[in-house]
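Here the structure is laid out as structure tokens; the discussion comes afterwards.
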Amino acid sequence: MPELPEADAARQRIADNCLHRTIQGFALGEVKHVDLPSEAERNRFVGTQFSQTRRHGKYIFAGSKDGPWLHIHLGMSGSLRVYDDGDTPPDYARLTVVFEGERRLAFRDPRKFGHVKLVEDVDEFIAAKGLGPDAMEIGDNAFAQAVGSTRGAVKSALLDQSKLAGVGNLWSDEALYCTGIMPTAKANELSADRVAHLRRAIQDIMGYVTSKNADYSHLPHDWLIHNRTKGAACPRCGGTITTLKVGGRTAYHCPDHQTNAG
DNA sequence: TGATATGTTTTACT
DNA sequence: CAGTAAAACATATC
């Protein structure tokens with residue numbers, strides 16, 4: 001479940017359950033084709049503790065003041081699970097951080113598109129990746145510049161991590177649905193008001209999802225997320241939920257209340 | 001069985 | 001350079 005809110009919920013789980021505990025070692029699961037830190041890299045964490053966490057876009061980091069950081073990307077199907085030794089361990093655990101005592105932190109990744117790496121410096125890493133500003137922190141002007149000046153489809157701009165970090169397919173659809181903007185609308189043809197509205201919607205939606213720990217069952221029933229089915233009735237206007245391909249992704253939307261202009 | 005999938009990267013083309 | 005499109009990655013689920 002990996003866009004910005006899911007990544008932040010995962011980061012929060014580390015912050016709440018795994019800080020200031022000495023790392024005893026790591027356990028590996030079925031790791032063929034999974035991109036993980038080498039044994040030498042893992043050993044650099046043994047005997048140390050995580051004391052802080054960070055997140056930028058969909059990228060999660062756990063580290064300490066002077067040591068290296070463990071960087072986690074959840075890919076398409078990854079998640080983090082905290083448990084205690086003696087509990088049933090999660091399925092698809094590729095790498096488990098074993099803390100002294102009972103505590104365990106498992107990186108689950110059924111589809112193996114995620115990864116865990118060691119990074120020396122988070123800011124350098126973000127810069128090297130070419131990530132844009134975090135979607136929760138970007139201001140009006142920067143958003144208008146990054147997204148509103150693009151000639152292509154607004155959805156494609158939202159998904160471009162170099163323009164804006166953290167928005168993925170699900171929440172881009174939700175924000176466009178909420179603001180009544182067609183996914184295929186040309187970003188630079190939207191009014192300044194609509195662009196500003198879109199930024200607020202992204203931050204309101206993702207902030208709310210984050211506050212609910214990315215538990216979709218706690219989200220309002222009239223959100224697109226609960227009606228993301230071709231042919232479903234739009235809970236806002238009674239139109240029909242329809243799909244399009246935009247930027248290679250499936251864009252669920254309601255053609256009755258999502259428009260190119262207006 | 002085949003289609004689809006919350007992401008990223010690479011390559012090629014316009 | 002800006003943008004588009006398609007494919008690849010490995011696997012699960014409907």
Side-chain angles (χ1 to χ4, degrees), chain A residues 1-11 29-36 55-60 71-81 90-95 107-117 119 125-126 128-132 134-135 145-177 183-190 202 205-206 208-210 212-217 219 223-232 241-253:
Chain A
M1 330 173 354
E3 292 177 39
L4 185 154
E6 294 82 3
D8 205 63
R11 180 201 60 74
E30 193 275 274
V31 297
K32 191 167 47 172
H33 300 126
V34 185
D35 196 10
L36 298 176
R55 179 195 56 72
H56 189 97
K58 305 170 188 173
Y59 294 77
I60 301 163
H71 145 232
I72 300 162
H73 193 290
L74 299 174
M76 197 83 139
S77 63
S79 62
L80 297 184
R81 164 97 179 270
D91 287 350
Y92 304 111
R94 307 302 178 188
L95 180 73
F107 166 64
R108 303 178 61 254
D109 191 13
R111 284 175 59 190
K112 302 182 174 179
F113 278 12
H115 54 257
V116 179
K117 304 300 291 177
V119 306
F125 174 85
I126 291 167
K129 276 277 170 196
L131 296 176
D134 185 80
Q145 173 65 37
V147 175
S149 66
T150 309
R151 283 181 278 119
V154 61
K155 181 180 171 73
S156 298
L158 295 180
L159 293 175
D160 185 340
Q161 303 298 300
S162 70
K163 292 183 162 66
L164 183 68
V167 179
N169 201 30
L170 258 43
W171 303 122
S172 65
D173 277 354
E174 194 73 52
L176 293 166
Y177 176 85
T184 48
K186 305 287 184 198
N188 65 352
E189 292 176 4
L190 296 170
I202 289 169
I205 288 167
M206 290 186 150
Y208 190 75
V209 177
T210 301
K212 298 296 178 188
N213 263 312
D215 181 342
Y216 298 175
S217 69
L219 303 178
W223 281 26
L224 181 64
I225 189 78
H226 299 304
N227 299 275
R228 231 167 171 279
T229 314
K230 213 174 184 173
I241 302 299
T242 307
T243 61
L244 280 171
K245 283 288 182 190
V246 182
R249 315 301 299 279
T250 303
Y252 286 80
H253 69 289

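Lettering of chains follows the sequences in order, A, B, ..., and the numbering in each one begins at 1. Note that this is a predicted model, so its numbers are computed, not measured. Excluded from the calculations below are hydrogen atoms, water molecules and symmetry mates; all remaining heavy atoms, backbone and side chain alike, are included.
- Residue contacts for A:Arg228: at a heavy-atom cut-off of 4.0 Å it reaches the sugar-phosphate backbone alone, with no base atom in range.
- Rounded to a whole angstrom, the distance from the P atom of B:dT4 to that of C:dA6 is 14 Å.
- Between the CG atom of A:Asp109 and the C1' atom of B:dA5 there is a distance of 13 Å, given to the nearest Å.
- Counting only distance, with no hydrogens or angles, the side chain of A:Lys212 and the backbone of A:Ser217 share no donor-acceptor pair below 3.5 Å.
- In this structure A:Thr229 satisfies the side chain to side chain donor-acceptor pair (under 3.5 Å) test with no other residue, sequence neighbours excluded.
- Remark: P of B:dT8 and NE2 of A:His73 are 4 Å apart, rounded to the nearest angstrom.
- Atom NE2 in A:His56 sits roughly 16 Å away from atom P in B:dG7 (whole-Å rounding).
- Side-chain atoms of A:His56 come within 3.5 Å of backbone N or O of A:Gly132 as a donor-acceptor pair.
- A donor-acceptor pair is defined here as one N or O able to donate and one able to accept, closer than 3.5 Å; no such pair exists between the side chain of A:Arg228 and the backbone of A:His253.
- Within residues 160-172 of chain A, the residues having any heavy atom under 4.0 Å from DNA chain B are, by residue number, A:Gln161, A:Gly168, A:Asn169, A:Leu170.
- Side-chain atoms of A:Asn227 never come within 3.5 Å of backbone atoms of A:Ala232 as a donor-acceptor pair (strictly under, hydrogens ignored).
- Distance, A:Ile205 CD1 to B:dT6 C1': 15 Å, rounded to whole Å.
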Set out, line by line, the N/O atom pairs under 3.5 Å between protein and nucleotides 9-14 of chain B.
from  : atom 1 : to       : atom 2 : distance (Å)
B:dT9 : OP1    : A:Lys129 : NZ     : 2.7

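- A:Lys245 comes within 4.0 angstrom of sugar-phosphate atoms only, judged by non-hydrogen atoms across all strands, and of no base.
- A salt bridge is defined here as a Lys NZ or Arg NE, NH1 or NH2 lying under 4.0 Å from an Asp or Glu carboxylate O, and A:Arg108 with A:Asp91 fails to meet this definition.
- A ring-ring contact (aromatic ring centres under 6.0 Å, His included) with A:His73 is found for exactly one of A:Phe113, A:Phe107, A:Tyr59, namely A:Tyr59.
- Spacing between atom CD of A:Glu3 and atom P of B:dT8 amounts to 9 Å, rounded to whole angstrom units.
- In terms of phosphate contacts, A:Arg111 brings no side-chain nitrogen or oxygen within less than 4.0 Å of OP1 or OP2 of B:dA5.
- Here the range on DNA chain C touched by chain A, meaning any atom under 4.0 Å from one of its heavy atoms, is C:dA2 to C:dA12.
- Applying the 4.0 Å criterion to OP1 and OP2 of B:dA5, one finds that A:Arg249 has every side-chain N and O outside that range.
- In this pair, A:Trp171 and A:Tyr216 present their aromatic rings perpendicular. The plane angle is above 60°, beyond the 30 to 60° band.
- Secondary-structure stems of DNA chain C, taken as three or more successive Watson-Crick or G-U wobble pairs (i with j, i+1 with j-1) under a 3.5 Å distance threshold, comprise B:2-5 with C:11-14, B:7-14 with C:2-9.
- The stretch residues 162-171 of chain A participates, sequence neighbours left out, in these salt bridge (Lys or Arg N to Asp or Glu O under 4.0 Å) pairs: A:Asp160-A:Lys163.
- The CG-P distance, from A:Leu158 to B:dT6, rounds to 15 Å in whole Å.
- A distance-only check finds a donor-acceptor pair linking the side chain of A:Ser77 to the backbone of A:Arg111 [under 3.5 Å].
- In this structure, A:Met76 places its CE atom 10 Å from P of B:dT8, rounding to the nearest Å.
- Of the possible polar contacts, none joining the A:Arg11 side chain to the A:Arg55 backbone as a donor-acceptor pair under 3.5 Å is found.
- Side-chain N/O atoms of A:Lys58 include one lying less than 4.0 angstrom from OP1 or OP2 on B:dG7.
- The two atoms that bring A:Ile60 and A:Ala7 nearest to each other are CD1-O, 3.5 Å, heavy atoms only.
- Neither side chain, A:Lys230 nor A:Thr242, offers a donor N or O lying under 3.5 Å from an acceptor on the other.
- Taking atom NZ on A:Lys230 and atom C1' on B:dA3, their separation rounds to 11 Å, with Å as the unit.
- Between A:Phe125 and A:His71, the two ring planes are tilted [angle within 30° to 60°].
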